[in-house]
Structure formats: structure tokens, C-alpha cells
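What follows is a single structure, written as C-alpha cells, with notes after it.
So that the names make sense, note that chain A is the first sequence line, chain B the second, and so on, each numbered from 1. Not measured: the values here are computed from a predicted model.
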Number of protein chains: 2
Amino acid sequence: MDVTIYEVAKRAGVSIATVSRALRGTGPVAARTRERVLKAVEELNFTPSRLGVSLAEGRHAANGIVFPDLAGPYYTEVLLGYEEVASELGRSVVILSTKGRTKVNDLIKDLAGRVDGLLIFGHTVPEPLVAELVRLGVRLVFISREPLPGADTLRSENTASARALAEHLTGHGYERFAFLGAPLASQDDVDERWRGVRAALGGAIEAVPTRHYTVDCGFDAAKELLGHRTRPEAIICSDDEVALGALLAAEELGLDVPGDVAVTGWDDIMAARHARPALTTVRQPMRELGARAARALDELITGARATPRHLILSTELVVRSSCGYHPRAESP
Amino acid sequence: MDVTIYEVAKRAGVSIATVSRALRGTGPVAARTRERVLKAVEELNFTPSRLGVSLAEGRHAANGIVFPDLAGPYYTEVLLGYEEVASELGRSVVILSTKGRTKVNDLIKDLAGRVDGLLIFGHTVPEPLVAELVRLGVRLVFISREPLPGADTLRSENTASARALAEHLTGHGYERFAFLGAPLASQDDVDERWRGVRAALGGAIEAVPTRHYTVDCGFDAAKELLGHRTRPEAIICSDDEVALGALLAAEELGLDVPGDVAVTGWDDIMAARHARPALTTVRQPMRELGARAARALDELITGARATPRHLILSTELVVRSSCGYHPRAESP
DNA sequence: TTGTATGCGTTATCAA
DNA sequence: TTGATAACGCATACAA
């Protein structure tokens, strides 16, 4: 844009203060004056400079979001819910992917300087920097991370879901399990899932790590795993994408799912419903995580709430056909 | 952040001008002075205010992106390429989804005030507003839209790919076709695809519109279509998601693909490879579209290039198994 | 009801 | 080599 409040003021024959008041309704303005101002605004096609407003107001009216990668539906879904609510609250969303970036710290600091608050996934941001951000008073909300002081955290329930899933599978009569996508480093969500199923299944489950949580990695690891003479009866995957890979591997090996081997996922991404066979999984409310994060951030920023809050959203076991035969299979 | 350049200056015993110069290397600073400044910066943990910098520099160092929706892999992939290159060029990315939004114009104007340039998908933005943005000198790049004056446009080739696809299908011996996801309003890409296959296939193809370009809509429309007594031998879909829906519909109706009916998609999203049967489709370089858009915008913003450019990226026919039996079927 | 003047945090010009 | 100081575009306390 180009035209400033001064030109509007001059054209309307008033001061810039009056223009500002007329536009924001932040003080008394005579009806006739307001009209003149509005007319000038219209004629000049004036839009207040975001920079000027932000500088004067001392806020950006923008939220940031930091994720490792946007490939795959999980982060996208969360982002969707986040952006929707943020926009509703009058805030823009500035994104930052850390995948393959060097100098992540600088990028995040820059981002922090552009927004009023940050949504951060898991352990995307190095711990020392998190501490620094907290110290600087940056409003923070984390998704899928253990609680920490000075920031909100938002998670999905994992342990109980893991038990429910394990029990459903033992109900099918399975006795030998594998957990595909086992955590190498501690990735909070996956870690909880793994510990949950292991607690329920005891020694009957074997951990099989993947390099990443992607279809391809799931495919590779499952192919290796299923090639063994003594393959597991059921593969519990860390997430739906890994599970999708496992499904493909089974098919390539000529194995029937769930006849020869059962497979389950986690998250309930859209493709889970469309997979053949349809994937049994644990539904995680991804969009709601994003939406809640936006609201939580808003509370923190506006000061509606001062003390951090740590929320755990509940999940739901979604039984489809990849985990075994059911009397009445749920339709996709 | 909180500490300003004034505090640094005071601590270092110099003026703010010197601090600025020392930090940006934009003028002569004695070595000893620089050291004192840097030390003060370090001790106070000073980071220049983005707002101050932007106001003084007259630029945001940020790009915007406007898309209808982020659900589905297409926009996500483009966004990924866009953000990556933008970040490489030192620019943040501010996103805006128009899906389900009222007052889209205001949102877009606000966004335009936050960034140095905008990437816009197809006809997401109302034409009058586009004209206004052009008039205001906002740098614009469009993806998937016919060329217009005053902005860059970036597209994938559609017509020739359509012909190649049509010829491949007639090579299978099919004679009755349907185009699923036919354009209701003019949606540029889909429109070109439809016109392309119609030109190649003539009267042998029937247009079947869907409400949206989603799996669900594809499913519904395909179920209806395949329920008829005289169903087509091959369904050419507007895009992969619609095609995925068609695959599901066929399965639900007990129809074999490609035995009873052939199905093809467009885009080559990740799920296309993993579909059963694997989807024959036209690959579109989605990430590269995003990456190129970011570079084009940068050229426009820095002034490296003044005149708009209209680019068409080439596509590739990807033959898998959903379109018919091949002597040596390509592995997924 | 309106106007003046100041602050917001930089960069950059021009003197010194 | 350094320092005052004027932009940059707005909001707002305070005065009139």
C-alpha cells in the first residue's frame, strides 16, 4: 500500500488522530466528521499500514507455528485447525518448517520476533532455546510434548488407548506382536504408545524401529520383519503412515491382511479409511489439537489466562478390518 | 523480545547509529568499537525488533500464500516447496486459507499488508481484488491460472498430457469414457484437462461433474455412474483424489479395476502409488511449482526482473495398473 | 469533539 | 570513525 493516514487527514481536513479514532471507533467523533473521514478513506483507498499499527499497538496480531515437516497429513491437519481458529481471532499465521534447515535457532528467533505467540510441535525446538523463549516471555503452546513450566502443552491420550488396542488384539487371539516404528530417540507420542502396548502385552511384543515415521520406512521395515520365518501375528504401528507401508509390504510378500498378519495404525488420517484393508487405528483429534492451540495461545496473549495449562485430549479406538475378522465388519 | 538498540548503545558507550552499523556492517566501525558493541549485544541478548527493521527498511521479508484449503496433498506439496525456498531466501511465509471464510477480501488485504508479495492459487481471489492488488503494485504470482497482465503465472502442462493419457487408454481398446470431476465453474486446471481429453476422444467421453475434488465426492459420483447399466469402460478423473474415490466405489460395487472398469487420476499424489490397484496418473511437479513461485516472487520483489513471466511446467504420464493390463506392469 | 505531541524500534543521511 | 536526527506509519495521552 502507499497512502498514509496523513494524506487522509489532509483530505478530510482533520488531524490524523481524528482519522484514527474515526476508523477504530476508539473515541468520540462527530457524525459529520466521521463521514468526511470515511469519504476520504474511500477515495484514497486507504488501508492502515500493518507495520505502523503493530508498532504502535505493540502486538503483531499473528501467531507462529513450528513443525518439523509438512509432508504427511498429521501436521497439515493440525495446521488447518490452527489457522482456522487463529483467523477467526483476527490473527495471521506464520509458518516455519525445520526440516533440513541449518541454523534452526536463528529461524525460530526471527519467527518469534514476528508473532505474539508460537505453537511448537514436540521437540522441534532445541531445549536451550525453549528455555530462552520462556525467559523472554514468548507465549508458547506445545503439541505432543511432556508438560514444562512456562508454557501450555496439549496432547492426545496415548497410554489408555494403547491398552485398549492391545486388548482388542489379544481378543482376536494373537500372541506374537511387533511394534513397528519403535522410538529411537524419545519422540513423546510414539514413546508413550510403545510403553503403553508393552505394558499391556509384556514380553509378547518386539520393538522394530524405523528411520522415520513414513510410508516408505514402514514398508522397508515391515518387509524385513515379515520375511522372517517366525513373523508376528500382529503388527502394531507407531502411526498410520508406517502402517500403510506395512500393508504394502504384506501385499508385496503375498501375505493376506488380516488373514496372515494383522496390522494397526495410529492417528486415523484420511487414508486409513481408504486403505485396503481399511486400517484399524486410534483416532487422534488432529484438527482440534490445532484449534485448541490457537485458543490457548490467544488466552495467553490477551492475558485472559496467566498460568500455563496442560491438556490431554481423548482418543478413540477405531476398529476396521486390518486387525482381524469381526462378526460384522465396520464399513469404511 | 524487549531490549532495544538504545540500551545496547548505552551499555557500549556509543550511539545507536554505531550499533546499527556494527551489526549490519553497513558502514565503518573501528575494530575496538565493534567489539564493545558485540559484547553489549551478547550480554543483553539483543535481537533487533522485526517491526523496527521492517518499518525502516520498507520491507517485510515475508511472503504470503493464499489457498482455498489445505486438506489434501496438492496444496500441501506446493506449500512445502514454497516455504523451503522462501526460507532459503530469508523470507517468512504467512498463510491464508479462504475455505469457509466470510470477508475474504479483508483477509487478503490484511495479508497483503504483511508481506512483500503473494502467491495465489487459481481463482481463489475475486477478480476485482486481483485488479486492485495489481494496481497497488503488490507483487503477485499465480499458480494454475491463465496469464494476466501485471503478475507472474505458473502452470503445469495439461493439454498434451491429456492427449497422451487419452491415447494410452484407447491403446487399451476402450471406447466408452467418462470424465469424472468435470468442471462446473471454470477451474483452470481441470478445465484444460477436460478440454484436452475431449479433444482427443471426441464424442466417446461423457462429462460427470462432482461437487468438489475430493475422495468423498469422487466416491459418490462414481457410485452413481457405475450403477448404470451401460457404464463406461474407462473413467478419467480430474485428479487423484477423485480417482481414489472412484476406486473405492468400484470396490464397493464389486467391480474389478481395471478388469471391469479402468480408472485414471491426475497429479500423482503420494497415495496414488499406494492405491490398490496403483493409480495411473499424470504427474504434476507440485513442489517445484511452489519452489519456482518463491523464486519468481523474489525476483519481482528485489526488482531483479520487472516484467511478468508466464511459465508452463511439463508433466509426465505415469502408467501403473489401474488403467488396464500391461505386459510388464510397473511396480508401485 | 478535536488537535498536538510523543512513543514504538529501527535504518540511513548528513555533519562533525 | 562517530553522533544527532530525520524518516517510517500509526495509536494515544493529554491539552484545548
Sugar-phosphate, base or nothing in reach of [X], heavy atoms under 4.0 Å:
X	answer
B/Thr33	sugar-phosphate
B/Arg24	sugar-phosphate
A/Ser20	base
B/Ala17	base

Kindly point out which of D/dG3, C/dT2, D/dA11 is positioned nearest to the side chain of A/Pro28? C/dT2
Report the nucleotide, chosen from C/dT11, D/dT2, C/dT1, that has the shortest atom-to-atom distance to any side-chain atom of A/Ala30. C/dT1
Provide, to the nearest angstrom, the distance between the [atom1] atom belonging to [X] and the [atom2] atom belonging to [N].
X	N	atom1	atom2	value
B/Ile5	C/dC8	CD1	P	14 Å
B/Arg32	D/dT2	CZ	C1'	14 Å
A/Arg59	D/dT12	CZ	C1'	15 Å
B/Ile16	D/dA6	CD1	P	12 Å
B/Arg50	D/dG9	CZ	C1'	16 Å
B/Asp110	D/dC10	CG	P	13 Å
B/Arg21	D/dT2	CZ	P	8 Å
B/Leu55	D/dC8	CG	P	9 Å

Does a side-chain N or O of B/Thr4 approach OP1 or OP2 of C/dG9 to a distance below 4.0 Å, or not? no
Any B/Ser49 side-chain N or O less than 4.0 Å from OP1/OP2 of C/dG9: no
Could you pull out the closest heavy-atom pair between B/Asn63 and B/Ala86, with the gap in Å? ND2-CB, 4.1 Å
B/Leu70 vs A/Glu83 side-chain heavy atoms within contact, under 4.5 Å: no
Could you check whether any side-chain heavy atom of B/Ile143 comes within less than 4.5 Å of a side-chain heavy atom of B/Ile120, counting everything from C-beta outward? no
Looking just at side-chain N and O atoms, do B/Asp188 and B/His123 make a donor-acceptor pair shorter than 3.5 Å? yes
Answer yes if the side chains of B/Arg101 and B/Ser97 hold a donor-acceptor pair under 3.5 Å, and no otherwise. no
Whichever of B/Val14 and B/Ala56 has the more 5' nearest nucleotide on DNA chain D, that residue is B/Val14
Please tell me which of B/Ser15 and A/Thr26 maps to the more 5' nucleotide of DNA chain D, matching each residue to the nucleotide holding its nearest heavy atom. B/Ser15
